[in-house]
Each structure stands twice: as structure tokens, then as C-alpha cells.
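Input: a single structure, listed below in C-alpha cells.
Quick caveat: nothing in here was measured; it's all calculated off a predicted structure. We name chains A, B, ... by the order of the sequence lines, and we start the count at 1 in each one.
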Amino acid sequence: MLDQATRDRIQQEVDGNDVVLFMKGTPVFPQCGFSAAVVGVLSHIGVKFKGINVLEDPSVRDGIKDFSSWPTIPQLYVKGEFVGGCDIIREMYEAGELNELLDGKGIQTQVDA
Amino acid sequence: MSVAETIKAKLTAELSPISLDVNDESAKHAGHVGARPEGETHFHVEIISQAFRGLSRVERQRLVYKVLSEELSGPVHALSIKATPPAE
């Protein structure tokens with residue numbers, strides 16, 4: 001169930017930040033291996049992102065699944081668009097597609113020299 | 001039927017896969033949040049099917065999630081998926 005207040009709150013985060021990761025735990029202290037893996041990829045490519053800890057808010061934890069029609073967490077949004085969860089981010093990173101996507105949207109990354 | 005067998009049966013029936021591997025990785029997560037003592041909570045699925053042809057990564061995974069929605073809202077705590085069409 002996704003009530004309007006929760007939907008608005010999620011929408012605000014997604015619209016207000018270029019790169020948003022809904023995750024379990026925080027970027028510094030992820031509390032799930034899948035969330036940690038995505039944080040690792042984002043940190044590695046040097047992109048700034050906002051982490052939202054769904055464990056702090058059960059309405060967001062459940063609501064985000066309806067918001068995106070995606071039943072699992074983590075979930076990554078770039079410029080308001082749902083990109084995927086852990087498997088997809090990993091695959092895209094390995095194929096070089098994640099950098100392409102970020103570049104294409106004008107988001108700065110810092111690729112290791 | 002075990003959870004793994006149910007996953008296999010549903011994916012086979014709905015997506016006619018060319019190849020399908022369902023691995024129970026619960027043992028790797030023993031003691032974690034969401035793990036049950038009886039296991040069968042964490043799975044990795046690798047599936048090759050014509051059904052994924054022309055779909056984006058997100059759409060492919062959504063298709064698998066849809067087939068397994070009952071399991072995901074029940075015993076399955078984590079499901080990682082590699083879904084591809086043949087010869088990609």
C-alpha cells in the first residue's frame with residue numbers, strides 16, 4: 001500500500017537528487033549485502049549519490065516497492081528514472097553501461113585514471 | 001515441493017526457458033536478517049529464454065519477479081537474477 005503522503009515524499013527525493021539509492025542501512029554502514037554492492041559500485045565510479053535508509057521508515061520501505069513496481073531493495077534512480085536493483089547495476093557497470101548512462105545524463109563521475 | 005522446486009516449476013511453465021539454474025544460496029546468509037533456520041530464503045536464478053528478447057534489463061527482471069510474486073511475498077527473502085535471451 002502506497003499512500004499519497006509517502007508517494008509525494010519518495011517523488012520529492014527522486015526529483016530533488018540526481019542520483020538516489022534507496023537502500024538498507026547507510027552508504028557508510030550498509031546493512032545488506034546487495035545494498036553494499038551497489039554502494040561499492042557507485043563509490044568506485046566516483047558518483048555522488050544520496051542514500052535513503054529504508055530501514056528507518058517502514059512506509060518508505062514498503063512504499064518504494066509499489067512506487068517502482070519492483071519488489072526488492074536496493075533501488076537506484078538517476079534523474080528521476082528508475083534504473084534497477086543490485087543485479088542490473090552490477091551488470092551495467094561491468095558492461096560499461098552505467099558510466100554511459102551517467103555521462104549521457106550529464107552526471108559527473110570520476111573514473112580511476 | 002521445496003521452494004527451489006516451486007521456483008523452477010513456475011519459471012519453466014511461464015517462460016519456457018532454454019536453460020534454467022536455480023541455486024539456493026541460503027547457507028551463505030545463515031544468521032542474517034531474513035534467513036530462516038530451515039533455509040530456502042536466498043536464491044540465485046540464471047535463466048535464458050526467448051521471452052526476454054527485446055526487453056530492457058528492468059523489464060526482464062520484472063517478468064521474473066511477476067512469475068515469482070507469491071514466493072517473493074512469502075518465503076523468499078532475496079532473489080538475484082540473471083535473465084537473458086539466447087545468444088546475447
### Task
Indicate, with yes or no, if A:Leu2 and A:Leu55 share a hydrophobic cluster defined by side-chain heavy-atom contacts under 4.5 Å among Ile, Leu, Val, Met, Phe, Trp and Tyr.
no
#### Entry: Co-membership, hydrophobic cluster, residues B:Ile48 and B:Leu15, 4.5 Å side-chain
no
### Message
If hydrophobic clusters are built from ILVMFWY residues whose side chains come within less than 4.5 Å, do B:Ile18 and B:Val45 share one?
### Response
no
### Message
If I measure from the heavy atoms of chain A, does B:Ile81 come under 4.5 Å with its side chain, its backbone, both, or neither?
### Response
both
Check every N and O of chain B against chain A and note each donor-acceptor pair under 3.5 Å, with its distance.
residue : atom : partner : partner atom : Å
B:Arg57 : NE   : A:Glu97 : OE1          : 3.3
B:Arg57 : NH1  : A:Glu91 : OE1          : 2.7
B:Arg57 : NH2  : A:Glu97 : OE1          : 2.9
B:Arg57 : NH2  : A:Glu97 : OE2          : 2.7
B:Gln61 : NE2  : A:Asp87 : OD2          : 3.2
B:Arg62 : NE   : A:Ser69 : O            : 3.0
B:Arg62 : NH2  : A:Ser68 : O            : 2.6
B:Tyr65 : OH   : A:Thr72 : OG1          : 2.9
B:Ile81 : N    : A:Asp87 : OD2          : 2.7

### Message
Check for me, please, whether A:Leu42 and A:Phe34 land in the same ILVMFWY cluster - side-chain distances under 4.5 Å, paths through other members count.
### Response
no
